[in-house]
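Below, each value reflects all heavy atoms present in this structure, side chains not excepted, and no hydrogens, waters or symmetry copies. Numbers for residues simply follow the sequence, beginning at 1. It should be emphasised that the depicted structure is a prediction, and the values quoted were computed from it without experimental measurement.
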Amino acid sequence: MVKYFLGQSVLRSSWDQVFAAFWQRYPNPYSKHVLTEDIVHREVTPDQKLLSRRLLTKTNRMPRWAERLFPANVAHSVYILEDSIVDPQNQTMTTFTWNINHARLMVVEERCVYCVNPDNSGWTEIRREAWVSSSLFGVSRAVQEFGLARFKSNVTKTMKGFEYILAKLQGEAPSKTLVETAKEAKEKAKETALAATEKAKDLANKAATKQQQRQLV
């Protein structure tokens, strides 16, 4: 059995502004549970869509009754993968997120669509779906209820964080245009790809050295 969530929110800012704020929303006073964020892949497709994958680390406080089921050394952080597709032509951004550890305890999958509000073109609508599941025998229902309640609480924090960053961007400096943001994203993607290549080369060299040392022994 899976717990399902369906919700809709509105940000009173244009889609361009929300798109720009999306990549700058951490840190903010409402995101203390978000510890790190790293872009692991980014590309612009031939039809000018921006594809990104980010790895987020968040705190993962378990309910006290659940802590008894797991060893004390189990990590209290959860790793989240976030895939996003930005379509500037149709002014939509779709994100998919899911946790890649603690999957036996609970899996939370989320899909969000950011689009222009049909009633006010200067506002942005967020359509959010989530699925909470657990494979723990005997307590899966309790875990799912806990996960759904936490998810709803985090949605509230997410919206407050968005509003905070949007107000900050609009108050301190003019919001960047979509073209400028996409250009910066493309440049950052190149930097990320170069850094990843260098890191891979370094790891490969270290592995080769270790192998040679073993052969000598």
Side-chain angles (χ1 to χ4, degrees), residues 5-28 31 34 36-58 79-100 108-131 154-155 158-159 161-201:
F5 173 87
L6 175 63
Q8 186 170 304
S9 308
V10 172
L11 289 168
R12 297 187 177 187
S13 298
S14 69
W15 185 86
D16 282 11
Q17 291 169 332
V18 172
F19 167 72
F22 179 82
W23 305 107
Q24 303 176 60
R25 59 184 173 143
Y26 302 127
N28 69 69
S31 67
V34 180
T36 64
E37 59 168 333
D38 297 282
I39 297 173
V40 296
H41 176 75
R42 178 166 278 169
E43 67 174 293
V44 177
T45 64
D47 57 351
Q48 297 304 302
K49 292 179 182 177
L50 177 65
L51 309 183
S52 303
R53 169 166 285 186
R54 293 198 298 178
L55 175 65
L56 305 171
T57 307
K58 302 182 180 181
Y79 300 108
I80 309 289
L81 275 181
E82 173 198 86
D83 285 351
S84 60
I85 305 170
V86 180
D87 183 350
Q89 183 175 357
N90 295 308
Q91 291 191 307
T92 63
M93 175 169 62
T94 305
T95 64
F96 305 89
T97 61
W98 67 97
N99 58 295
I100 56 176
V108 180
E109 300 169 283
E110 180 190 47
R111 180 179 185 268
C112 289
V113 178
Y114 300 74
C115 58
V116 177
N117 181 270
D119 299 322
N120 189 324
S121 60
W123 292 359
T124 303
E125 184 173 290
I126 305 174
R127 301 167 188 168
R128 192 185 310 270
E129 290 181 281
W131 297 263
N154 285 343
V155 167
T158 296
M159 295 305 296
F162 245 128
E163 291 168 355
Y164 174 86
I165 294 299
L166 283 164
K168 186 176 179 182
L169 290 176
Q170 293 167 16
E172 291 184 358
S175 298
K176 295 176 183 177
T177 65
L178 182 61
V179 174
E180 290 172 335
T181 306
K183 185 178 179 181
E184 286 185 5
K186 203 169 183 178
E187 290 173 352
K188 287 182 180 178
K190 291 179 181 178
E191 293 174 3
T192 301
L194 182 60
T197 301
E198 293 301 321
K199 188 173 182 179
K201 287 180 181 178

_Rounded to the nearest 0.5 Å, what separates atom CG in N28 from atom NZ in K168?_
9.0 Å
*Are L11 and M159 side-chain neighbours, meaning at least one heavy-atom pair lies under 4.5 Å?*
yes
_Gap between atom CD of E129 and atom CZ of F5 - 0.5 Å precision_ = 10.0 Å
*asked:* Could you walk me through whether W15 and M93 satisfy the side-chain contact (heavy atoms from CB on, under 4.5 Å) test, starting with their C-alpha distance in whole Å, then the side-chain angles of each, then the deciding distance to 0.1 Å, before giving a yes or no?
replied: CA-CA 9 Å; W15 185 86; M93 175 169 62; 4.2 Å; yes
_Would you compute the distance between atom CZ of R127 and atom OG of S9 and round it to the nearest 0.5 angstrom?_
12.0 Å
*asked:* Going by the rule salt bridge (Lys or Arg N to Asp or Glu O under 4.0 Å), which residues pair with E37 if we only count those two or more places apart in sequence or in a different chain?
replied: R54
*Any V86 side-chain heavy atom under 4.5 Å of F22 side chain*: no
_CD-CG distance between Q17 and L169, expressed to the nearest 0.5 angstrom_ = 8.5 Å
*asked:* Between D47 and T45, is there a side-chain donor-acceptor contact under 3.5 Å, judged purely by atom types and distance?
replied: yes
*So, for L166 and A21, which heavy atoms are closest and what is the spacing to 0.1 Å?*
CD2-CB, 3.7 Å
*Which residues pass the ring pair (Phe, Tyr, Trp, His ring centres under 6.0 Å) test with F96, sequence neighbours left out?*
none
_Gap separating the CG atom of L50 from the OG atom of S84, nearest 0.5 angstrom_ = 6.5 Å
*Flag, side chain of T124 to backbone of S13, donor-acceptor distance under 3.5 Å*: yes
*Can you say whether the rings of W23 and F19 are parallel (under 30°), tilted (30 to 60°) or perpendicular (over 60°)?*
perpendicular
_Donor-acceptor pair, distance only, cut-off 3.5 Å: does the side chain of S31 make one with the backbone of P27?_
no
_Please find the pair of heavy atoms, one from R25 and one from F162, that lie closest to each other, and give the distance._
NH1-CE1, 4.0 Å
*Say you draw a straight line from CD1 of I39 to CG of L55; how long is it, rounded to the nearest 0.5 Å?*
11.5 Å
*Looking at N117 and N120, what are the two nearest heavy atoms and their distance?*
OD1-N, 2.9 Å
*Check step by step if side-chain contact (heavy atoms from CB on, under 4.5 Å) holds for D83 and W98.*
CA-CA 9 Å; D83 285 351; W98 67 97; 3.5 Å; yes
